[in-house]
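First the structure, in the form of structure tokens, and then the observations on it.
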Amino acid sequence: FSYSYNDPMAKMYFWHPAFDNYPVVGVNWKQATAFCVWRTQLWSNYRTSKGLYTEGEFRLPTEAEWEYAALGYIADNPQPRKSEKQRGEELIANKQIYSWKNDGFDNLRATARGSWQGAYLANFKRGNGDYMGTAGGLNDRSAIPAPVTSFFPNGYGLYNMSGNVSEWVADVYRPLTGLEEDDLNPYRGNVFQKVDMSGGAGNLRDSLGRIKEVPESDSALVNRRNYQHAYAIDYLDGDSMSRVDYGYGITTLISDKSRVVKGGSWNDMPYWLSPGTRRFLEEDESSSTIGFRCAMTHYGAPEGLSSKMRNGNFFPKRRQKR
């Protein structure tokens, strides 16, 4: 399958300079995950060469992280308290359908007065065959993926969380994940591992500098309450009692290799642009509509790394009244 009409471009698609500012497509989940590993190593080597702190690694975001980032709710927060300008509120008064603030009639076009009023806010398919409008009446102006900064970012400053290309996330797909998982940043797809000590303490890394790991043994997990087997990506993670069989290719297309795809693409109707919608594809398959973005675990206070911003509320000591 070619991603360009020009044959030389098709042969060198992934590194052709014409696509430098476009989202990558045509990569499967495994390739996207491998890129995160490669980027982590590149980043770590650079930071080490500069004598900088190197903690952290790139990875695919979990479905919960991706959806939270896509909603960009900071733009909908009420006015902060006068005494604490950086304090957000938990009240979300105006629910939004897509990744930008819900302040328009149909939520798909810019509503602020000015030259951009009425312009489409994402790259999507308005109707059958309508990828960018018609001659003399273009809407999103993109028949295929557009440069990554072609449309307005959401409240968190993230581009194309709705539209342009769909994106892989880390989770294994299950139809009822939204009902079964409701805790902080849930993730389905765990294969619990430990550091491989079989080669001794001096042989813990592979040829690429990564820590070698092996699955935890069942004998070590027999007394655990949350999971009894290292491979725990099936129905209800760690649930050894359900014995659910999805019958891949017989009764369903869902398997343990089905990974969640989020966000809409240039080839999708508006429904799929909502952050809450979800689809799946086998982790070793790819599509011209699916790309990915990297995430990294943040260490420290949620507001930033400033010495004035710490985890928790710290109350000053007060002199007691006598």
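This chain uses plain numbering: 1 for the first residue, then up along the sequence.
- At least one donor-acceptor pair under 3.5 Å links the side chain of N123 to the backbone N or O of I144.
- Atom OH of Y46 has 12 or fewer neighbouring heavy atoms from other residues, nucleotides or ligands inside a 6.0 Å radius.
- Checked by atom type and distance alone, the side chain of N28 pairs as donor or acceptor with a backbone atom of Q31 at under 3.5 Å.
- Here the closest heavy-atom approach between residue C294 and residue F58 is recorded as CB-CD2, 4.0 Å.
- The side-chain tip of R279 points at the ring of W272 from less than 6.0 angstrom away and within 45° of straight on.
- Residues satisfying the side-chain hydrogen bond (donor to acceptor under 3.5 Å, both in side chains) test with K125, not counting sequence neighbours, are none.
- Residues that satisfy the ring-ring contact (aromatic ring centres under 6.0 Å, His included) test with F35, not counting sequence neighbours, are W38, F292.
- Checked by atom type and distance alone, the side chain of D183 never pairs as donor or acceptor with a backbone atom of P186 at under 3.5 Å.
- The 12-atom threshold is exceeded at CG of D20, counting heavy atoms of other residues, nucleotides or ligands nearer than 6.0 Å.
- S286 places no side-chain N or O within 3.5 Å of a backbone atom of V27 that could act as its donor or acceptor partner.
- The distance from atom CD of E167 to atom CD1 of I290, rounded to the nearest 0.5 Å, is 10.5 Å.
- No more than 12 heavy atoms of other residues, nucleotides or ligands sit less than 6.0 Å from atom OH of Y68.
- When all heavy atoms are compared, the tightest approach of P145 to Y22 is O-CE2, 3.2 Å.
- Using modelled atom types, one finds no donor on one side chain facing an acceptor on the other under 3.5 Å when comparing T48 with N45.
- At distances below 3.5 Å, not a single donor-acceptor pair connects side-chain atoms of K30 with backbone N or O atoms of E283.
- T149 and N21 form no side-chain donor-acceptor contact under 3.5 Å, judged by distance and modelled atom types alone.
- V261 is connected to L60 through a chain of hydrophobic side-chain contacts under 4.5 Å among Ile, Leu, Val, Met, Phe, Trp and Tyr, so both are in one cluster.
- Contact detail for N139 and R126: the closest heavy-atom pair is ND2-CD, 3.9 Å.
- With a 6.0 Å radius and a threshold of 12 heavy atoms from other residues, nucleotides or ligands, D284 has its CG atom above the threshold.
- A salt bridge does not link E213 to K194: none of the charged nitrogens lies less than 4.0 Å from a carboxylate oxygen.
- Of the N and O atoms on the side chains of E63 and T177, not one donor lies less than 3.5 Å from an acceptor on the other residue.
- Across N154 and M161, no two heavy atoms sit closer than the pair ND2-CG, 4.1 Å.
- Here the side chains of F192 and P215 are not in contact, with every heavy-atom distance at 4.5 Å or above.
- Contact between W100 and A122 at its shortest, heavy atoms only, is CH2-CB, 3.6 Å.
- Checking side-chain atoms of S150 against main-chain N and O of A146 turns up no donor-acceptor pair under 3.5 Å.
- Side chains of L121 and L108 form no contact here, defined as non-hydrogen atoms less than 4.5 Å apart.
- A salt bridge links E65 with R59; the closest basic N to acidic carboxylate O contact falls under 4.0 Å.
- Criterion: ILVMFWY side-chain heavy atoms under 4.5 Å apart, direct or through other members. Under it, M197 and I211 are part of a common hydrophobic cluster.
- In terms of heavy-atom proximity, P61 sits nearest to W66 at CG-CD1, 4.0 Å.
- Using a 4.5 Å cut-off between side-chain heavy atoms of Ile, Leu, Val, Met, Phe, Trp and Tyr, with links allowed through other members, I97 and F152 fall into the same hydrophobic cluster.
- With hydrogens and angles ignored, the 3.5 Å screen pairs a side-chain donor or acceptor of T33 with a backbone N or O of W29.
- Residues passing the ring-ring contact (aromatic ring centres under 6.0 Å, His included) test with Y159: none are found, sequence neighbours excluded.
- No chain of hydrophobic side-chain contacts below 4.5 Å, direct or via other Ile, Leu, Val, Met, Phe, Trp or Tyr residues, connects F124 to F151.
- The hydrophobic cluster containing V169 also contains Y156, counting ILVMFWY residues as joined when their side-chain heavy atoms lie under 4.5 angstrom apart, directly or transitively.
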message = Applying side-chain hydrogen bond (donor to acceptor under 3.5 Å, both in side chains) to Q117 and T111, what does each step give before you reach the verdict?
response = CA-CA 5 Å; Q117 186 174 10; T111 58; over 6 Å; no
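- For the residue pair Y131 and N267, a side-chain donor N or O sits within less than 3.5 Å of a side-chain acceptor on the partner.
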